[in-house]
Visitor: 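Handing you this structure, nothing more for now.
Every chain is numbered from 1, with letters handed out A, B, ... down the list of sequences.
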Protein chains: 4
Amino acid sequence: MAEKSPVAAQRSAPRRRRKEARPQELTAAALSLFVEKGFAATRLDEVAARAGVSKGTLYLYFDSKEALFKAVIAEGVVPAIEAGEAMLERHADDPVTLLRGFLYEWWALIGSTELGGIPKLMMSEARNFPEVAAYYHETVIRRGLRLIRTAVQRGVDMGVFRRVNTELIGNVFMAPLLHLALWRHSFGACCGGDLDAQRFLDTWFDLLMHGLGAAPAPREEAR
Amino acid sequence: MAEKSPVAAQRSAPRRRRKEARPQELTAAALSLFVEKGFAATRLDEVAARAGVSKGTLYLYFDSKEALFKAVIAEGVVPAIEAGEAMLERHADDPVTLLRGFLYEWWALIGSTELGGIPKLMMSEARNFPEVAAYYHETVIRRGLRLIRTAVQRGVDMGVFRRVNTELIGNVFMAPLLHLALWRHSFGACCGGDLDAQRFLDTWFDLLMHGLGAAPAPREEAR
Amino acid sequence: MAEKSPVAAQRSAPRRRRKEARPQELTAAALSLFVEKGFAATRLDEVAARAGVSKGTLYLYFDSKEALFKAVIAEGVVPAIEAGEAMLERHADDPVTLLRGFLYEWWALIGSTELGGIPKLMMSEARNFPEVAAYYHETVIRRGLRLIRTAVQRGVDMGVFRRVNTELIGNVFMAPLLHLALWRHSFGACCGGDLDAQRFLDTWFDLLMHGLGAAPAPREEAR
Amino acid sequence: MAEKSPVAAQRSAPRRRRKEARPQELTAAALSLFVEKGFAATRLDEVAARAGVSKGTLYLYFDSKEALFKAVIAEGVVPAIEAGEAMLERHADDPVTLLRGFLYEWWALIGSTELGGIPKLMMSEARNFPEVAAYYHETVIRRGLRLIRTAVQRGVDMGVFRRVNTELIGNVFMAPLLHLALWRHSFGACCGGDLDAQRFLDTWFDLLMHGLGAAPAPREEAR
DNA sequence: GATGAATGAGCGTTCATTCAT
DNA sequence: TATGAATGAACGCTCATTCAT
């Protein structure tokens, strides 16, 4: 009451910072558990414990378990999109570099981080949470696919790539990346059968470039 | 299960057929529900209802919900393997035909059928059922990957494909197929954003063949 | 399945009878606890324990605690009404006897029995369950008040009672009866300050008859 | 509470008044909510919100929810008693006027005010708070009943009323008044079926006076 | 004195599992 | 073999209570 003057508007710093950081601490804990065990099999006790708070505290920030799920997705999605758009701008002119950037940076910034669990989570729960799935589809998937299609189309137009059907090229492009992320959070995490991410990405990029007809060019120069 | 003496086995046919078919009717109902809602979110009530039996009847055939899960996987795995091996024998000599066969027949016989839900189910639950995942990994995945690697290697050896790193080619090959199956049972089933399977497969096979250096078009340009 | 013939339609008797009697055992246990402690303060554990079943069993018969509350009221109300209407028919011609019957029989059949707790319960919870209150008001209260007003009006028309305002006479008539029932389940049950029901009823009936101008007559006959 | 020295007591007036008024603002908020929803169903959040303070503030004045309940009753009881005694002194000599005063003034000063909710609250919670009920019984009920019995007895002794059994006359006298107050806070507040208080009181007083043999009309007929 | 973030015990509800029929 | 009534452990959620600020 006394500190409400516009000047001294900030309350005691540590408490305040905690209050503001809490939701992200909670969604981070929830994300890792949802990815690990699935939404239904994750108990809120565990989420709270992993975040280092009590069960009741969750309800200070989220109305329900479902609301927590939505927040997990919504919060994980924003960085993913921003990262993607940043990539597009960085390598605007060179299609090969652009696709290489999408591929390796997606893995570096998303696939290999905590966010890499979101595809598994969304695939597992899409049918149980159609609205969230629709939001994710609209906000992340469509937008991401368009980025890739644009990049490929640009390469085709520039004569760097052969003429391919670009309609579904985004899905094809992403499929191995998502597979890698899904694998990491399923078989890779339980059976020791982990994939070597770098070699997998290299194999895929090599095959993709040849498949788009972009690989022979360097070789011809090499003749 | 099959230990009945040949003599006693010839009881009244229709009744008998019903009794023997029961477990498969139950696992079929369970599979579709597990795929739809996930293992944890599926109630045994629902499984029983979909199979047209009472809840207690489930326990005549399966000791627990987890046992039912294992049976669902185990039962789905056998046809998958047999189908895969049949493919290999049918198209043994021609690597291109072999890969085309794997791709389109996998989709026709597995991906597009009820069995196509198993990848989603296994991915979602692998960490909750490590033994089942290990069994699946050993029995289905490794074996399937070896099939593909063998086929590609044969193509390389025959000079039909360019020299590619065949170590992870199986994973790359399967990724879009699995992606298609996963999609069908997640976003495709809830957001109307279904993928056109045929065009997707065509796009992928075209890209793959070019990527392996086996497609005619680039060769013609190379003339 | 075999016994489904119309003849042998009754299943094994003891189990079946139990199944049919259960809801009433449960509502009886719930009524006494709701009356004793109030709806909100009553735990379903207690209800189940008092009925001799487990907590889960409650949910085989009632969808929720609120549904149980509604059932308690609905079930308690039917006998009350039927008893009231039976009285009216038994003593149709003599207003004094009719009112005496209402008064003493209401107490004997309702007020002093388990049903006597319903007024306390309904008064306490009316605002929390408006639909139930509306149902009770329509089904029990209005109907009961009309019975009494009819009886008094008949007495006035016959010249047995003086001309009184019959509009609210039903409420006045019932007030001491309800007070007695309420008392029994509040102060009477906790502070030892129990009321002597017979003397209370006698006092009230005596006052009422004199108030309606019906008492002097017998005395005059006695002169 | 009142142990502050007379000197220190004269601090800044408006602030002081606020601080001293706090407990009563809190009990007033609590009373209305307890009456509305019952003790158990009332959340301290709501009480605090209605009083315009934070939830923690409640605990500066009351040790627990139960202590708040006791304070609500204790605080409501003092005005009730003082009002009752004031009535007795005002109409000491004439029994009819005395009873009329009790009746109409009880309604005016208690029944129709915020205090009119206390009977409902006490009836509902008597068995959950036996000590409070005992205190209330001793402090309010017995004393009130004695007042009325004394008044009626005086009327009988003076020959104004006929000889009635005065033992339970207080309970009978109060029953319709309490019924009216209870009704207002139960059905009257939720089903639109409100009672017309004035007509109800008139009907009751008319019936009562005739019942006690004190009404003019019968006497005139008797001439 | 006043706040409101945090707690954790407890309740309503669900559901895998059992068992008498 | 098949049923479905019954169970009870466990989970989501609430809310009285505490305490650092």
Side-chain angles (χ1 to χ4, degrees), chain A residues 1-4 11-16 18-20 22 40-48 52-68, chain B residues 15 18-19 22 40-48 52-68, chain C residues 1-4 11-16 18-20 22 40-48 52-68, chain D residues 15 18-19 22 40-48 52-68:
Chain A
M1 278 213 174
E3 305 96 339
K4 285 276 164 70
R11 208 101 61 86
S12 56
R15 181 115 175 196
R16 184 125 234 238
R18 198 63 188 277
K19 172 82 194 299
E20 281 165 355
R22 268 287 146 76
T42 298
R43 284 172 284 122
L44 290 186
D45 289 323
E46 297 175 282
V47 176
V53 301
S54 79
K55 197 166 38 163
T57 299
L58 283 172
Y59 285 85
L60 294 176
Y61 298 95
F62 304 100
D63 286 344
S64 65
K65 195 185 182 188
E66 183 166 343
L68 176 60
Chain B
R15 181 144 183 177
R18 188 62 186 279
K19 209 183 330 187
R22 264 290 147 78
T42 298
R43 284 178 288 120
L44 291 187
D45 288 327
E46 297 174 279
V47 176
V53 301
S54 79
K55 195 165 41 162
T57 300
L58 281 172
Y59 283 84
L60 294 175
Y61 296 95
F62 305 100
D63 286 344
S64 66
K65 194 185 183 187
E66 184 166 341
L68 176 59
Chain C
M1 279 210 173
E3 306 96 339
K4 285 275 163 69
R11 210 105 57 88
S12 55
R15 181 115 177 199
R16 184 123 234 240
R18 197 66 189 276
K19 174 82 193 301
E20 281 165 355
R22 268 285 146 79
T42 297
R43 283 172 285 123
L44 290 185
D45 288 322
E46 297 174 281
V47 176
V53 300
S54 79
K55 198 164 40 161
T57 299
L58 283 172
Y59 284 84
L60 295 175
Y61 298 94
F62 305 99
D63 286 342
S64 65
K65 195 185 182 188
E66 184 166 342
L68 176 59
Chain D
R15 181 144 182 177
R18 189 62 186 278
K19 209 184 329 185
R22 266 288 148 78
T42 298
R43 284 177 289 122
L44 290 187
D45 288 326
E46 298 176 280
V47 175
V53 300
S54 79
K55 196 166 40 164
T57 300
L58 281 172
Y59 283 83
L60 295 175
Y61 297 95
F62 306 100
D63 287 343
S64 67
K65 194 186 184 188
E66 184 166 342
L68 176 60

Visitor: Assess whether one donor atom and one acceptor atom, taken from the side chain of A/Lys55 and the base of E/dT7, lie less than 3.5 Å apart.
Guide: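 Looking at the base of E/dT7, it does not pair with any donor or acceptor on the side chain of A/Lys55 (distance under 3.5 Å).
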
Visitor: When the distance from CG of C/Leu68 to C1' of E/dT13 is rounded to whole Å, what number comes out?
Guide: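 After rounding, the reported distance stands at 14 Å.
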
Visitor: Nearest whole angstrom, please: distance from the P of E/dC15 to the CG of C/Leu58.
Guide: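 Taking CG of C/Leu58 and P of E/dC15, I get 17 Å after rounding.
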
Visitor: Identify the heavy atoms of D/Ala40 and C/Ala40 that sit nearest to each other, and give their distance.
Guide: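 So the minimum-distance heavy-atom pair works out to CB-CB, 3.6 Å.
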
Visitor: Taking the side chain of C/Arg43 as heavy atoms from C-beta outward, which of E/dG10, E/dT13, E/dT3 is closest to it?
Guide: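 For C/Arg43, the side-chain atoms sit closest to E/dG10.
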
Visitor: Rounded to the nearest 0.5 Å, what separation is found between the CG atom of B/Asp45 and the NZ atom of B/Lys55?
Guide: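 The distance works out to 4.0 Å.
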
Visitor: Look up atom CG in C/Leu58 and atom NZ in C/Lys65, then write down how far apart they are to the nearest 0.5 Å.
Guide: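 Answer rounded to 0.5 Å: 11.0 Å.
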
Visitor: Let's see if you can work this out: which of F/dT14, F/dC11, E/dT3 has an atom nearest to the side-chain heavy atoms of A/Tyr59?
Guide: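 The closest nucleotide is F/dT14.
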
Visitor: Measure CD/A/Glu66 against C1'/F/dG12 and give the value in whole Å, please.
Guide: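 So the CD-C1' distance, A/Glu66 to F/dG12, works out to 13 Å.
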
Visitor: Counting side-chain heavy atoms from CB outward, which of E/dT7, F/dT17, F/dG12 is closest to A/Thr57?
Guide: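 When the side chain of A/Thr57 is considered, E/dT7 is the closest of E/dT7, F/dT17, F/dG12.
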
Visitor: Which nucleotide in the set E/dT17, E/dT13, E/dA6 lies at the smallest distance from any side-chain heavy atom of C/Leu44?
Guide: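 For the C/Leu44 side chain, the nearest candidate turns out to be E/dT13.
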
Visitor: For the side chain of A/Leu60, starting at C-beta, report the closest nucleotide among F/dT7, E/dA2, E/dA5.
Guide: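 Taking heavy atoms from C-beta onward, the closest nucleotide is E/dA5.
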
Visitor: Measure NZ/A/Lys65 against C1'/F/dA10 and give the value in whole Å, please.
Guide: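 Going from A/Lys65 (NZ) to F/dA10 (C1'), I get 12 Å.
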
Visitor: Among F/dA2, E/dT7, E/dT17, which is the nearest nucleotide to the side chain of B/Arg22?
Guide: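 The nucleotide sitting nearest to the side chain is F/dA2.
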
Visitor: Would you kindly give the CD-to-C1' distance between B/Glu46 and E/dA16, to the nearest whole Å?
Guide: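 Taking atom C1' of E/dA16 as the reference, CD of B/Glu46 is at 13 Å.
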
Visitor: By nearest heavy atom, map A/Thr42 and C/Ser54 onto DNA chain F; which one lands nearer the 5' end?
Guide: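 That would be C/Ser54.
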
Visitor: Take the protein atom CG of B/Asp45 and the nucleotide atom P of F/dA6, then report the distance between them rounded to whole Å.
Guide: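 One finds 16 Å between P of F/dA6 and CG of B/Asp45, rounded.
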
Visitor: For F/dC11, which nucleotide is its Watson-Crick or G-U wobble mate, given both distances must be under 3.5 Å?
Guide: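 Base partner found: E/dG12.
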
Visitor: Tell me which nucleotide, if any, is Watson-Crick or G-U wobble paired with F/dT21 when both distances must be under 3.5 Å.
Guide: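 Partner of F/dT21: E/dA2.
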
Visitor: Once you round to the nearest 0.5 Å, how far does CZ of B/Arg22 lie from OG1 of B/Thr57?
Guide: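 The OG1 atom of B/Thr57 is 6.5 Å from CZ of B/Arg22, to the nearest 0.5 Å.
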
Visitor: Compare side-chain N and O positions of B/Tyr61 against OP1 and OP2 of F/dT1 and report whether any pair is under 4.0 Å apart.
Guide: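 For F/dT1, OP1/OP2 do not have a side-chain N/O of B/Tyr61 under 4.0 Å.
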
